[in-house]
Amino acid sequence: MPHSSNVNQHCIDTHVIRANQGEAQRCVLCKKPHCQVGCPIDTPIPEIVKLYREDKLLDAGKILFENNPLSVICALVCVHEDQCKGNCVRGKKGEPIRFHEIEYEISLRYLEQVQFPKVTPTKARIAVVGGGPAGITVAYLLARNGYNVTLFDAHDKIGGVLRYGIPEYRLPKRIIDLLENELYAMGVKIRPNTMIGPVISLDRLFEDGYKAAFIGTGVWNPRTLGIKGETLGNVHYAIDYLKSPNVYRLGKRLAVIGAGNVAMDVARSAKRNGVPEVTIIYRKNFEQMPATRHELEQARSEGIRFLLQRAPIELTETGLRLAVQEQVSGENGSMNWRDRGIAEEFFACDTIIIAVSQVPKTNIVSSTTKLNTNRMGLLITDDKGNTTKEGTFASGDVVTGAKTVVEAVVQAKVVAETIDRYCRENGYNT
Ligand SMILES: Cc1cc2nc3c(=O)[nH]c(=O)nc-3n(C[C@H](O)[C@H](O)[C@H](O)COP(=O)(O)OP(=O)(O)OC[C@H]3O[C@@H](n4cnc5c(N)ncnc54)[C@H](O)[C@@H]3O)c2cc1C
């Protein structure tokens, strides 16, 4: 571990008031911890809680970070209700332990107080394309292992969705800055504002001596509705809006189409930015909304309205034409939704934001050869992250489609190992 030399241990371990000591004391430190089993990245929860109780925050932070370089982020944005918190035995008869709050306290302090020392690269030159959760994880693990890593990102700062998607009220940007600073300190070279594809192609990277390239470029094209009116001036896509909500003038009535977490982020951000009336429009029922219960409850409590069983047919400058939906039983007893065929409504609003998922951009694939995608445009890889192109590896949303931060980190850890093995087996590290 490279870290410990640059740590103010006195500060971390003796002078900090433990905000979650009460919560940690409630933990029964199960021998077979269901919370850990429910964690997609297998965080050693009882071990961390024990260290926290003993005021060994540095040790706990180190274990958390080594297992999950985005531990501090996951502590904020994972679906804890389905994972650690949802599986806590204490939750069977009462209040489950809020481990994520303990994890957040430890991980934030660790990142604030530890500075990773520079690692002099002795191994092959690697290109990491995309600085979201997947790219940050791969860059960190390979740089720590002695690889000469350059990270390219199309945006002006790294973070991907963490910085340009998830709103500040859920994930403060300052935390991503801390991660970025650590990568710089370790010696990772970062090329911001550099989209791989149009000018620098993947093949040019290999010509310049990169021995392997990792693609973690996510899904940054909005999925469209394919109906009339999507190009109008009062219509926007969620992924564009969330990049900089402050620059949009949305008027007094906003309709958000879609009911996933991205739609909730749009609705809640718009409300915070002063739109008095925000309505989520969704073609199915409340129970079928893909957003997490937590996000739905938050949205409701903030006054977001819901118009259900309505599908947009046309977007106009004064609102949306909607078809009323009904539930019908399909073959094999399944239930489907379809237009009633008779009922149509008009919903008047100033602005419409479409939040019905994202798909990958094609910049990289269209400027190289042998990099195969599936019919949705997602990169094809095996379970170790090998793409169909020699020396090229991938993971994260660009492979799986829109998923979660922790899933991106879990697979990025596997791919970092694959890249290391590939370089060793091909003699690139000498
Ligand atoms: C609004 C929103 C809210 C979300 N909320 C949550 C949540 O609460 N919890 C959760 O777990 N997950 C959430 N997710 C999902 C989660 O953020 C993603 O699954 C995760 O960020 C995927 O990581 P990634 O590294 O694959 O891609 P991304 O985070 O998309 O990062 C990809 C990076 O690649 C860069 N890039 C793209 N193309 C190029 C190119 N050609 N050259 C160079 N750089 C390029 C981009 O600039 C970006 O920085 C949310 C997603 C969205 C859109």
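Counting convention: from 1, in listed order, for ligands and their atoms alike. Hydrogens, waters and symmetry mates are skipped; everything else that's a heavy atom, side chains included, is used. The model shown is predicted, which means the values in this text are computed figures rather than measured ones.
Numbered from 1 in the order shown, with element, the atoms of ligand 1 that lie under 4.0 Å from a heavy atom of Asp397 read 18 (C), 19 (O), 20 (C), 22 (C), 26 (O). Listed by number with element, the atoms of ligand 1 under 4.0 angstrom from any heavy atom of Val129 are 42 (N), 43 (C).
The closest non-hydrogen atom to atom 1 (C) of ligand 1, taken over Leu151, Leu242, Val405, comes from Leu242. With distances taken over non-hydrogen atoms, the option nearest atom 15 (C) of ligand 1 out of Arg163, Lys403, His155, Glu407 is Lys403.
Within a 6.0 Å radius of CZ in Arg272, other residues, nucleotides and ligands contribute more than 12 heavy atoms.
At least one N or O atom of Val161, backbone or side chain, sits closer than 3.5 Å to an N or O atom of ligand 1. Polar contact check, Ile196 against ligand 1: a nitrogen or oxygen pair lies under 3.5 Å apart. Geometrically, ligand 1 and Gly396 share no nitrogen or oxygen pair separated by less than 3.5 Å. Every N/O-N/O distance between Gln358 and ligand 1 stays at or above 3.5 Å. For a threshold of 3.5 Å applied to N or O pairs, the pair formed by Ala154 and ligand 1 contains at least one separation below that value. Residue Trp220 has at least one N or O atom closer than 3.5 Å to an N or O atom of ligand 1. For a threshold of 3.5 Å applied to N or O pairs, the pair formed by Ala134 and ligand 1 contains at least one separation below that value. Of the N or O atoms in Pro133, one or more lie within a sub-3.5 Å distance of an N or O in ligand 1. Between Gly135 and ligand 1, not a single N/O pair is under 3.5 Å apart.
Using a non-hydrogen distance threshold of 4.0 Å, Cys78 does not register as a contact of ligand 1. In this structure, Asn261 falls outside the shell of residues with a heavy atom less than 4.0 angstrom from ligand 1.
The proximity of Arg170 to ligand 1, defined as any non-hydrogen pair under 4.0 Å, is limited to the side chain.
Looking only at heavy atoms of the protein, atom 27 (O) of ligand 1 is closest to Gly218 CA, 3.6 Å. Looking at atom 32 (C) of ligand 1, its nearest protein heavy atom turns out to be Gly216 O, 3.3 Å. Among protein heavy atoms, the minimum distance from atom 2 (C) of ligand 1 is reached at Val262 CG2, 3.7 Å. Scanning all protein heavy atoms for the shortest distance to atom 7 (C) of ligand 1 gives Val77 O, 3.6 Å. Of all protein heavy atoms, the one closest to atom 46 (C) of ligand 1 is Asp153 OD1, 3.6 Å.
Checked by atom type, the side-chain pair Asn68/Lys413 shows no donor-acceptor distance below 3.5 Å. With hydrogens and angles left out, the side-chain atoms of Asn221 and Gln358 include no donor and acceptor closer than 3.5 Å.
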